Amino acid sequence: MDRRLSNAYQWLDDRLALSEIFAVLFDEPIPGGARWSYVFGSALLFVFLLQAVTGIFLSMYYVPSAENAHVTVEWIQKEVTSGAFIRGLHHWGSSMMVVLLGVHMLQVFFWGAYKKPREVVWISGGLLMLLVLAFAFTGYLLPWDMKAYFATAVGTNVASEVPIIGSFLKAVALGGSTLGTITLSRFYTVHTMLLPAGTVLFVVLHLCAFRRAGAAGPFRRDDPRLKTVELFYPKQFFYDTVFAALIFAILATLAITSPADLEPRANAADAVYLPRPDWYFLPAFQLLKIFQGRLAIIGTVIIPGVLFSMLFLAPFLDRSPERHPFKRRLATVSMIAIIGLLGTLFFLARRDDGAFLAASEIERLRSLPVEQLKELPAAEQKKREAAVARLQLDKQQAEGNEFLKKKFEPYVIGGVPQPAIAAKVPPPPAQYAKCAQCHGDLGAANGDIGPDLIGVGEKYDKKQLETLVQDPESFGLFGMDPFPEDKLPPKDRSELIDYLMSLPKKP
Amino acid sequence: LKSKGLHSGTHVEEKKITSQSRRSFLGLISGILQAGMGFFVAIPVVRYVLYPAVKADATDEMWSDVGKVTDFTVAEPQQRSFTIIEHDGWAERLVEKTVWVIRNSDDSTVVFTAVCPHLGCTIKWRTEVKNFNCGCHQSTFDGSGKLVSGPAPRPMDLLETKVDGGTLLVRYQNFKQLKPTKEVLG
């Protein structure tokens, strides 16, 4: 058996040069040998593939239109077997991408692995980070629930803060002046077609540049481990696989124990809804709150612009070959300061939402008499605002949870059911059953040859109907057969007219 | 030496070294772990994809109200239309269906679908000649739905009915066309 297998492998190998492919893929030399700390890059690739697989299958039932997006997501979540699990994996996978991306990027930065000759690896990685954030932003809108709608409304307003071309940028993002079905379909195409294509492109560039420059290895030039060089396979391959399995186990557990949330369908008229982005956009969200009005541009353009420029330019600003983080004080301290800044913004955003207030404190602040509010010290007033925000956010959360538990209601195509019309209408005198062939069953034509007869009494009076039946052409009705007196004696005619007048109004 | 015909000699040598080193305990464990993850993704994905195909259709259990039995005249078959709900994944489609109701002198009722068993055109009652006729290919059925002439392969299709408190209820179904016997569609 073993021999046959190896013969089969030999046969394929002769034709496809599998061994060469494996050698290229797996025989990457790792200076200093395999380590657990090298697993994050391949873990990102793993989660990206998992997002691709789950995303492809979500798109099987999802419909990107304002009319149907929410109901299709609800159907996937509540009705389809394993739908909640697959959506849960995709939902938690997006957060996992951001976490792993942060760890991977910080590690490369602190290890000094962005330096010459790895500039292209670093820059392509930075572009991949922007793509991941774009994935997160565009994906957020797709369920078309309250959270999706209002968070995207805030997000696209940020674009309009850009000087000169701001309103144009916003119109391009929305596909018009309002957030609607065109916005949804373009976000969908960006999320499922353009961003994946761009990501694959830059992953290939990232990996090619990485393999070309080689792994950086330990940052200490005199590290004793550097004497050995190990190949990627089998040890690092094993480490990467075990870590991927751990990530998968975490995601699967989260998908089962805390399902992805889904709030009620977007209602643009809701004036009290408090939009909040997902956790990884909270620092940016807080910047918008800090810099308002004329200063808004600082939070939306200048600070993010400076941070990303510094990130991309890092290999050119920091040119010394030294890689030890303690010997690159400026770089290390700057990065720690940036992390501290993001962490502080995150903390402030949570504090403004009353995340750290005790239940009793919230109750005390809420029940303060209205006439006292103006006299409260500023700090206390801010605290009260936080308590009010917290109550609203908790309410939204509760409404979302309740919606998730509610039984699925299918979307009805083709309007309102009208099974009762036939029952409400008295049957016609037997000899006129034939009228139904053109005018429909009991006067409800529903697109048959003739028009509806129900409601005809509102359009014509008795006298007019008498003339109409005898000479429809005088009313411009050329399709209907005339019923002159020889075909329909006056007695029968008045019976027919009485019947027509007795028909109910149109619903 | 056999493989030399396809590749240059140097490759054969390299292959020996690499294919030897591929056999590794860690590699085996990695393969098992990866296959395990593949399994845990594939099972839900297959169930997810198959869901609409294997789900029981609830449409069959729907009874439609066609009116009071006493509202139908005994003299002639009468046409009734009502909307039924067809389940279609996340949507429900309201579809109008037409039936012919025959009330017998003993108040028993018979309901036929108006869909011709030949090619699915709509069957009409012709008062003048007292028969059912399909305008498309002139299949003609008598007052009890029996085929009199024309290309239809079987009589008009009877629908299941019941009377509840004097109201006639019908369970609407679609049947396959062109079959000599009535077969429920779907």
Side-chain angles (χ1 to χ4, degrees), chain A residues 9-10 13-15 17 19-20 22-23 27 50 53-54 57 60-61 63 68 71-72 74-75 79-83 85-86 89 231 233-235 237-238 241-242 244-245 248 252 408 410-420 422-423 426-427 430-431 433-434 436-437 440-442 444 446, chain B residues 2-3 5-7 11 14-15 18-19 21-22 24-27 29-31 33-34 36-37 40-41 43-52 55 64-68 71-73 75-85 87-96 98 124-125 127 167:
Chain A
Y9 177 80
Q10 189 76 48
D13 192 26
D14 287 339
R15 281 147 189 88
S19 300
E20 284 176 53
F22 289 147
D27 292 345
L50 193 63
V53 171
T54 50
F57 286 102
M60 182 176 259
Y61 298 134
V63 176
N68 301 130
V71 73
T72 54
E74 188 189 356
W75 190 64
E79 296 286 302
V80 181
T81 334
S82 304
F85 180 68
I86 288 173
L89 281 183
L231 294 187
Y233 187 92
K235 207 166 168 191
F237 182 74
F238 173 72
T241 303
V242 170
F248 182 72
F408 173 74
Y411 175 83
V412 180
I413 296 174
V416 190
Q418 300 182 332
Q431 64 269 38
K434 199 185 163 199
Q437 292 198 3
D441 180 46
L442 299 174
N446 290 311
Chain B
K2 229 179 173 183
S3 58
L6 290 159
H7 284 298
H11 287 149
E14 274 175 14
K15 196 160 54 197
T18 51
S19 68
S21 65
R22 295 274 170 251
S24 123
F25 177 68
L26 290 181
I29 301 290
S30 305
L33 275 175
Q34 289 175 1
M37 283 190 273
F40 279 112
V41 172
I43 294 299
V45 160
V46 167
R47 282 159 54 94
Y48 176 94
V49 171
L50 291 183
Y51 170 76
K55 185 183 150 271
S64 304
D65 179 343
V66 285
K68 292 260 175 239
D71 283 350
F72 295 95
T73 47
E76 301 257 349
Q78 277 151 76
Q79 197 182 358
R80 285 288 187 277
S81 297
F82 48 84
T83 44
I84 65 159
I85 295 167
H87 296 265
D88 188 359
W90 46 270
E92 276 179 350
R93 204 183 298 281
L94 290 171
V95 198
E96 177 141 333
T98 303
K124 306 269 184 195
W125 173 253
T127 320
T167 302

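So that the names make sense, note that chain A is the first sequence line, chain B the second, and so on, each numbered from 1. Here the structure is a predicted model, which is why all the values come from computation and not from measurement.
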Honestly, the part of A:Phe57 sitting under 4.5 Å from a heavy atom of chain B is both
With chain A, the option among B:Val41, B:Leu33, B:Ile29, B:Val49 that has the most non-hydrogen atom pairs under 4.5 Å is B:Val49
Rounded to the nearest 0.5 Å, the OG1 atom of A:Thr81 sits from the NZ atom of B:Lys55 at a distance of 10.0 Å
So, the part of A:Leu50 with a heavy atom under 4.5 Å from chain B: the answer is side chain
B:Tyr48 (side chain) donor-acceptor with A:Ile86 (main chain) under 3.5 angstrom: no
When the 4.5 angstrom heavy-atom criterion is applied to A:Val242 and chain B, the contacting part is both
From the list B:Pro52, B:Gly36, B:Ser64, the residue making the most non-hydrogen contacts under 4.5 Å with chain A is B:Pro52
Taken to the nearest 0.5 Å, the spacing of A:Tyr233 OH from B:Ser24 OG works out to 4.5 Å
Whatever's closer than 4.5 Å to a heavy atom in chain B on A:Ala244 counts as both
On a heavy-atom basis, the closest approach of B:Met37 and A:Ala245 is SD-CA, 3.7 Å
Honestly, the part of A:Phe408 sitting under 4.5 Å from a heavy atom of chain B is side chain
When every non-hydrogen atom of B:Gly27 is compared with those of A:Pro234, the smallest separation belongs to N-CB, 4.2 Å
Whatever's closer than 4.5 Å to a heavy atom in chain B on A:Phe85 counts as side chain
CD (A:Glu74) and CH2 (B:Trp90) are apart, to the nearest 0.5 Å, by 12.0 Å
Honestly, the part of B:Phe25 sitting under 4.5 Å from a heavy atom of chain A is neither
Legend entry - Exceeds 12 heavy-atom contacts within 6.0 angstrom, atom OH of B:Tyr51: yes
